[in-house]
Each structure stands twice: as structure tokens, then as C-alpha cells.
Amino acid sequence: MKDVVVIGAGLTGCLLALSLAKKNYRVSIYERREDVRYLKNIHGRSINLAISQRGLKGLEQVGLKEKAIALSVPVLGRMMHDLQARVTQHAYGRNTKEHNYSISRNALNCLLLDELTSLDNVSIYFKKNIIDYDLNHLYFASGEKIKVATVFATDGVNSAIRTSLEKKGLMQFQRTPYQHGYKEILLDSCHGASLSLEYLHIWPRDDFMLMALANNDESFTCTLFLANEQLATLDTSGAINKFFDDNFSDFSPLVPDLTTQFLTNPHGQLLTIKGGPWHYQDKVLLLGDAAHAMVPFLGQGMNCGFEDVSVFNELLNQYGDDWELLFDVFYQRRKENADAITKMAEDNYHEMSCDVASPNFLLKKSIEHELMRRYPDGYVSKYVLVSYTNEPYAFALKQGERQAKLLDKLADGINTVEELDWQRVDDLLREYTSR
Ligand SMILES: Cc1cc2nc3c(=O)[nH]c(=O)nc-3n(C[C@H](O)[C@H](O)[C@H](O)COP(=O)(O)OP(=O)(O)OC[C@H]3O[C@@H](n4cnc5c(N)ncnc54)[C@H](O)[C@@H]3O)c2cc1C
């Protein structure tokens with residue numbers, strides 16, 4: 001058995017370790033935190049995540065897809081709440097089978113860890129904080145040092161491995177803080193009963209928004225995204241109550257302990273990490289957020305990390321473990337796609353916080369659904385490509401740019417889908433598909 005080392009027992013690291021272990025590698029995992037399966041208090045930090053096709057495919061490869069689905073809640077579309085508490089909605093997919101699942105980050109991590117600890121060829125070392133890496137050794141905060149051959153770095157957005165390699169001039173990354181931060185609020189099941197579990201709820205308010213995503217105990221994890229400076233000013237009960245009453249009057253009565261939660265929960269920061277290369281010789285490969293952290297507005301960070309693992313597996317089957325070659329092919333294959341989803345995730349902030357409230361946007365969404373119904377082979381929306389197919393993200397980005405122009409033309413001068421001139425649609429669509 002060959003030895004490999006995985007840094008970080010988060011979502012990507014656990015999935016990667018599982019797939020390597022199932023291919024008969026002897027895997028050692030080093031994780032900074034204690035075992036999350038025994039942690040009592042995890043509130044206030046992204047409790048749930050939307051998982052879609054790419055994430056499910058990764059789980060399927062290690063036989064955990066159905067178990068993960070059993071822990072989750074189906075999310076069929078978005079429901080928008082305006083200032084007057086009126087509600088509009090649209091479905092995500094082409095049919096009811098195409099939808100996201102909301103899953104607890106912690107439950108998913110525990111599922112992966114349980115599976116890992118059932119395997120004889122996996123050792124997980126918790127409370128091992130790596131502070132440096134010199135290509136041959138890992139250095140821990142405890143002063144310990146160990147010799148390593150091949151390292152898979154899945155140690156997240158603030159990757160210590162990436163930082164060590166950057167300091168040696170072997171990689172170059174930009175770290176771009178997002179202007180908006182976030183704060184999480186838990187809406188318990190009895191107060192959340194008025195919200196439909198099967199929708200992602202959005203309160204879009206132009207430059208900021210509130211979102212609510214159901215958990216499988218029928219509670220909701222709600223997240224306020226707001227400019228960092230403004231979020232910092234919400235530091236008294238008075239300021240918090242006024243802000244919520246002014247902007248989310250139908251929401252604040254649902255959370256009796258709103259101010260307590262708001263003042264206790266951390267102010268989350270969002271970051272984009274972009275750069276390369278993600279590997280060095282046959283020594284080290286970065287995957288997941290360590291290689292490409294993105295803002296969460298398309299719900300694809302973990303999905304993209306899981307797709308990294310699926311692609312890595314496919315390449316390992318194809319090339320065998322000539323790590324230097326494999327790492328390079330992997331990087332060539334993934335970099336363009338990671339850049340594409342990072343861009344689409346950033347662009348989607350405006351769609352979620354602002355566009356979804358506009359009648360023109362909702363008209364374009366209705367047109368798009370009708371196009372997908374009438375031309376199932378000719379038109380697949382960017383959202384469907386990203387969320388419910390395994391088409392490369394770079395392809396989805398390109399299609400999305402062309403679709404935006406097409407939809408602008410189709411929506412021009414009309415107010416309802418019924419007003420569409422289908423002969424003109426046929427012509428424009430022929431033009432769209434012929435390029
Ligand atoms: C508010 C929010 C909402 C999100 N929603 C979604 C969503 O709906 N869908 C989706 O797909 N994605 C979503 N994401 C993104 C998703 O959370 C990340 O992309 C995903 O967790 C990345 O997984 P990872 O394993 O690469 O990194 P992480 O989950 O960060 O795991 C890294 C692991 O490495 C460990 N580690 C770190 N440093 C060290 C060290 N020095 N030594 C040893 N171990 C270390 C950490 O303790 C951790 O266990 C969201 C993110 C945020 C912030």
C-alpha cells in the first residue's frame with residue numbers, strides 16, 4: 001500500500017481521503033480542530049449548505065449519495081419576499097426532479113468521518129495544527145515535525161500549506177475580501193412554520209439581502225449579507241431591531257431572540273482565493289477552498305470541491321499515480337472551471353440581492369422556463385448547467401453570457417410570456433444554437 005497524507009478533515013479532505021482509501025492507499029489525515037462528531041456548539045457558522053449534482057456525484061463515487069440525501073431537505077426553487085411581505089417564486093430546474101438539497105454541513109462532515117473511521121487503512125489525527133510545510137516535512141503548532149512524501153492540501157480558505165508554498169515563491173494567489181460580510185440567525189421550527197421548507201427564501205433589498213434555508217428538523221438557517229461597515233454598526237439591540245423592522249418586517253417577529261443571536265453570532269467574512277499553480281512537482285496538490293475559495297452566492301463552493309475529487313478520481317483511473325503528471329493534468333483541467341464558477345458566484349450576488357425583485361427579471365425567468373420546456377435539446381439555462389449537470393463550469397459561463405443577451409432581446413417590449421412571438425423566438429434560437 002502506498003502512503004498519502006491529506007491535510008484538513010473538512011468536506012473536501014474527507015471525500016478525497018475516502019476515495020483514496022477505497023483505491024487502497026494508506027491515508028493519514030491531519031486536522032486542526034477536534035473531531036466535529038463530538039463538538040457540542042456549532043451554531044453561528046454556516047450550518048447548512050445547498051448540495052446539487054456535482055456534490056452528489058462526488059458522494060455517489062464513495063457510496064454515500066443516498067445516505068446524504070436522507071439527511072437533507074429538498075429545495076425546489078426560490079421564494080422572494082418584498083418590502084410589503086408579498087411573495088413571488090420560481091423553480092430552479094426544468095422539472096421537479098431538478099432541485100437542490102439543503103444539508104447540515106456538520107451532519108455531512110460526520111457522515112464522511114464515520115465512513116473514514118470504519119476503514120482500516122485510514123488514520124485521522126485531530127488537534128494537529130499545521131503551521132509550515134517545506135515539501136518534505138509538516139511542522140505543527142505543538143513543535144512536532146513529521147516527514148511526508150505526497151501531500152493533498154484540503155485545509156480550506158486560509159490554507160497553511162498554500163501560504164508556506166507562496167512564501168517559497170512556488171505559487172502565487174490573490175486573496176480578495178468581499179465587501180459584504182454575513183451573520184447567521186437560527187429560526188426554530190415552531191417560529192419558522194409560516195415559511196415553506198421547500199424553498200430558499202430571499203428578502204432582496206438591492207445592496208443587501210436576507211436568506212433562509214431549511215434544515216431537516218424544520219428549523220431554518222437564515223443569513224444576512226450586508227456591507228461589512230454597515231454590519232459592524234449593528235451592535236446594539238436598538239440598531240438591530242430598527243434595521244430588521246425597517247427592512248424585514250415580516251421576518252423579525254419570527255425570531256424572538258433576534259438581538260441575542262445577532263450580538264452573539266460571529267460576523268462572517270467572505271473571501272475569494274484565486275491563483276496558481278495548485279501543485280508542485282509530485283509533492284503537493286491543493287484542492288477545494290485551499291485552491292479556489294469563492295463567495296457563496298451560487299451555492300457551489302463545496303460542490304466545486306467535491307467535483308475536484310470526482311475529476312481527480314477519473315484522472316487517477318486514467319493516468320495512474322504518476323503524481324507529477326496527474327497533478328499537472330488536474331490543474332489544467334480544473335483551473336479554467338474554478339475561475340468560471342468563481343466569476344459566476346460573484347455575478348450572482350446582484351441577481352439574488354436585487355434582480356430577483358424586478359418584474360423584468362421574473363419575466364426573463366418565465367421565458368427561460370418556457371424555452372427549456374419547448375426546446376429541451378436547444379436551451380438549458382446557466383443555472384441548470386451549473387447545478388444539475390456535470391458540464392464544465394466554463395461552458396456554463398459562456399452559455400450564460402449568450403443566454404443573457406438572448407433573454408434581453410426576447411423580453412424587450414413585452415410583459416408576459418404569452419406575448420412572445422414564437423416565430424421570432426425560433427429564429428433567434430436558431431442563431432443562438434448555431435454559434
Ligand atoms: C456562508 C456560506 C455559505 C455557503 N453555502 C454553500 C452552499 O450552499 N453550497 C456549497 O456548495 N458551498 C457553500 N459554501 C462554501 C463551502 O462551505 C466551502 O466551499 C466548503 O466548506 C469547502 O470545503 P473544504 O473542505 O475545501 O474547506 P473547509 O470546509 O474549510 O475545510 C478545511 C479543513 O481544514 C482544516 N484546517 C484548516 N487549517 C488547518 C491547518 N493549519 N492544519 C490542519 N487542518 C487545518 C479545517 O479545520 C477544516 O476542517 C458556503 C460558504 C459560506 C461561508
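In each ligand, atom 1 is the first atom listed, and ligand 1 is the first ligand listed. Note that these values count all heavy atoms, side chains included, but never hydrogens, waters or copies made by symmetry.
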Check your understanding: Against heavy atoms of G156, which atoms of ligand 1 measure under 4.0 Å?
Key -> 27 (O), 30 (O), 32 (C)
Exercise for review: Between P296, G55, G299, flag the one that comes closest to atom 50 (C) of ligand 1 by a heavy atom.
Suggested key: P296
Review point. Between G268, G13, G10, which one has a non-hydrogen atom sitting closest to atom 31 (O) of ligand 1?
Key: G10
Practice item. For the residue pair H201 and F220, categorise the inter-ring angle as parallel (less than 30°), tilted (30 to 60°) or perpendicular (more than 60°). Key: perpendicular
Review point. If you measure from atom 38 (N) of ligand 1 to every heavy atom of E34, R32, R105, which option wins on shortest distance?
Key: R32
Check your understanding: Got an N/O contact under 3.5 Å between N48 and ligand 1?
Key -> no
Point to revise | Check ion pair E368-K382 (N to O, under 4.0 angstrom) | key: no
Practice item. Just say parallel, tilted or perpendicular for the rings of Y178 and F297, cut-offs at 30° and 60°. Key: tilted
Exercise for review: Give yes or no for whether the N/O distance cutoff of 3.5 Å, strictly under, is met between I7 and ligand 1.
Suggested key: no
Check your understanding: Could an N or O of ligand 1 be found under 3.5 Å from any N or O of T223, whether backbone or side chain?
Key -> no
Review point. Which ligand 1 atoms does G288 reach within 4.0 Å, using its non-hydrogen atoms?
Key: 26 (O)
Check your understanding: Do any N/O atoms on L11 end up under 3.5 angstrom from N/O atoms on ligand 1?
Key -> yes
Check your understanding: Relative to F173, does R162 satisfy both conditions: NZ or CZ under 6.0 angstrom from the six-membered ring centre, and within 45 degrees of the ring's axis?
Key -> yes
Check your understanding: Is there a nitrogen or oxygen of A50 sitting under 3.5 Å from a nitrogen or oxygen of ligand 1?
Key -> yes
Check your understanding: Only one of N216, D217, T221 clears side chain to side chain donor-acceptor pair (under 3.5 Å) with S219; which?
Key -> D217
Point to revise | Any pair counted as side chain to side chain donor-acceptor pair (under 3.5 Å), so long as it reaches residues 282-306, sequence neighbours left out | key: S52-Q300, N136-K283, H292-D308, Q300-Y393
Review point. Purely on distance, is any nitrogen or oxygen of I130 under 3.5 Å from one on ligand 1?
Key: yes
Point to revise | Aromatic ring pairing F225/Y349, orientation class (parallel under 30°, perpendicular over 60°, tilted between) | key: perpendicular
Check your understanding: Counting both backbone and side chain atoms, is some N or O of Y182 under 3.5 Å from an N or O of ligand 1?
Key -> no
Exercise for review: Name all residues meeting the ring-ring contact (aromatic ring centres under 6.0 Å, His included) criterion together with Y125; count only those two or more places apart in sequence or in a different chain, and write none if there are none.
Suggested key: Y30
